[in-house]
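Comments concern the structure below.
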Amino acid sequence: MGATGRWMFWTLCVSALRVTMRESSLEVARGDFVVLPCSFYTSASNHLSRLNIIWTLTPFSSPEAPIQVIVYDHGQVIEDPSLIGRVGFTGLPLSADIMLNDTRVSDAGIYRCMVNNPPEITDPGIGELVLSVLVPPSLPVCQWDGDINMGGSVRLSCLVAEGIPTPEIRWDKMNPDEISLPINMESELSGSVQIVNVSSQTSGLYRCSATNTLGTENCYINLSIYTPDSPSGILQGVLLTLSMCLLLLALLVLVLWLHHTGQDGRLRKGRGDKDEFYNEIRYTPSLMKRSFV
Ligand SMILES: *[C@@H]1O[C@H](CO)[C@@H](O)[C@H](O)[C@H]1NC(C)=O
Ligand SMILES: *[C@@H]1O[C@H](CO)[C@@H](O)[C@H](O)[C@H]1NC(C)=O
Ligand SMILES: *[C@@H]1O[C@H](CO)[C@@H](O)[C@H](O)[C@H]1NC(C)=O
């Protein structure tokens, strides 16, 4: 007996309850609400007193710990304690749809909807859908390190803390013309640009952007490469150095001359002393002579 045959058999003999999911996968932006659809078809829609609905979640973040999201049983609704106030049925008892408010990343995973209405047979009594919770890129952090002197090398890095799906990171130089730069991905969420032998043309505004389906966030670095002055500046520098050298030379000459003349003066002064001494010697005998005479 094929599937169709079995279905015919159940329809003919015992009515069967059938669950269908109107979506197999859904996406929601974190913080928004989402309706998880689960329809069931029953021929006993007037006898739903024993209707039983169970929604379970196997989270992507902790697949080993599935939870019972919400249960409808004997007219009572029971929510998982972690979801109280955020989850509710929207169409009881004719639909098993639930609404999830204020969605979080931890809500992402595989949801299963199980419906029973004893004594009805179910075929199938279970449906499944995948919920993704998307997160826009966070504001990236731009940083630079390295040597911003001419000829040096500079590294620009960009780190984005979160984003689902994983944001694409790119670096662009904004001026004089906008150009895209080759990027090294250091991890899924961090990319850098290495610029070697920097020159004055390297100076300018750089932008890192992190983009996913929910949007783009940018950070900027304004790089100023430290270059020696322009040619006229070099000339000025040369002239300045030259004049400084001349001045130093002049000073040196002056010092040497002063030194020389100073020695001369001392020599002459010394000779003068001796002169006086000799004079005394010279005159003393005559004085003595004179006194003795
Ligand atoms: C979800 O929020 C809507 C309004 O935004 C509200 O009407 C609904 O009751 C909320 N559902 C739950 C389960 O808290
Ligand atoms: C660095 O760049 C200058 C021109 O900007 C070039 O003359 C020089 O050869 C480069 N040096 C190296 C090591 O690439
Ligand atoms: C970048 O820095 C230079 C010099 O430091 C300045 O003239 C220029 O306006 C800055 N540009 C931006 C976009 O901040």
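Both counts, for ligands and for their atoms, begin at 1 and track the order of listing. Not measured: the values here are computed from a predicted model.
A side-chain donor-acceptor contact under 3.5 Å links Asn212 to the backbone of Leu214. The closest donor-acceptor contact from the side chain of Asn175 to the backbone of Gly204 lies at 3.5 Å or more, if one exists at all. Here the side chain of Asp147 pairs no donor or acceptor atom with the backbone of Ser153 at under 3.5 angstrom.
Sorted by chain and number, the residues within 4.0 Å of ligand 1 by heavy atom are Gly85, Arg86, Val87, Gly88, Met99, Asn101.
Of all the heavy atoms in Ile70 and Gly88, the pair that sits closest is CD1-CA, 3.8 Å.
A salt bridge does not link Glu79 to Arg86: none of the charged nitrogens lies less than 4.0 Å from a carboxylate oxygen.
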### Message
Run Phe40 and Asn117 through side-chain contact (heavy atoms from CB on, under 4.5 Å) and show every step you take.
### Response
CA-CA 10 Å; Phe40 59 90; Asn117 189 32; over 6 Å; no
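Looking at ligand 2, you'll find an N or O of Asn197 within less than 3.5 Å of one of its N or O atoms.
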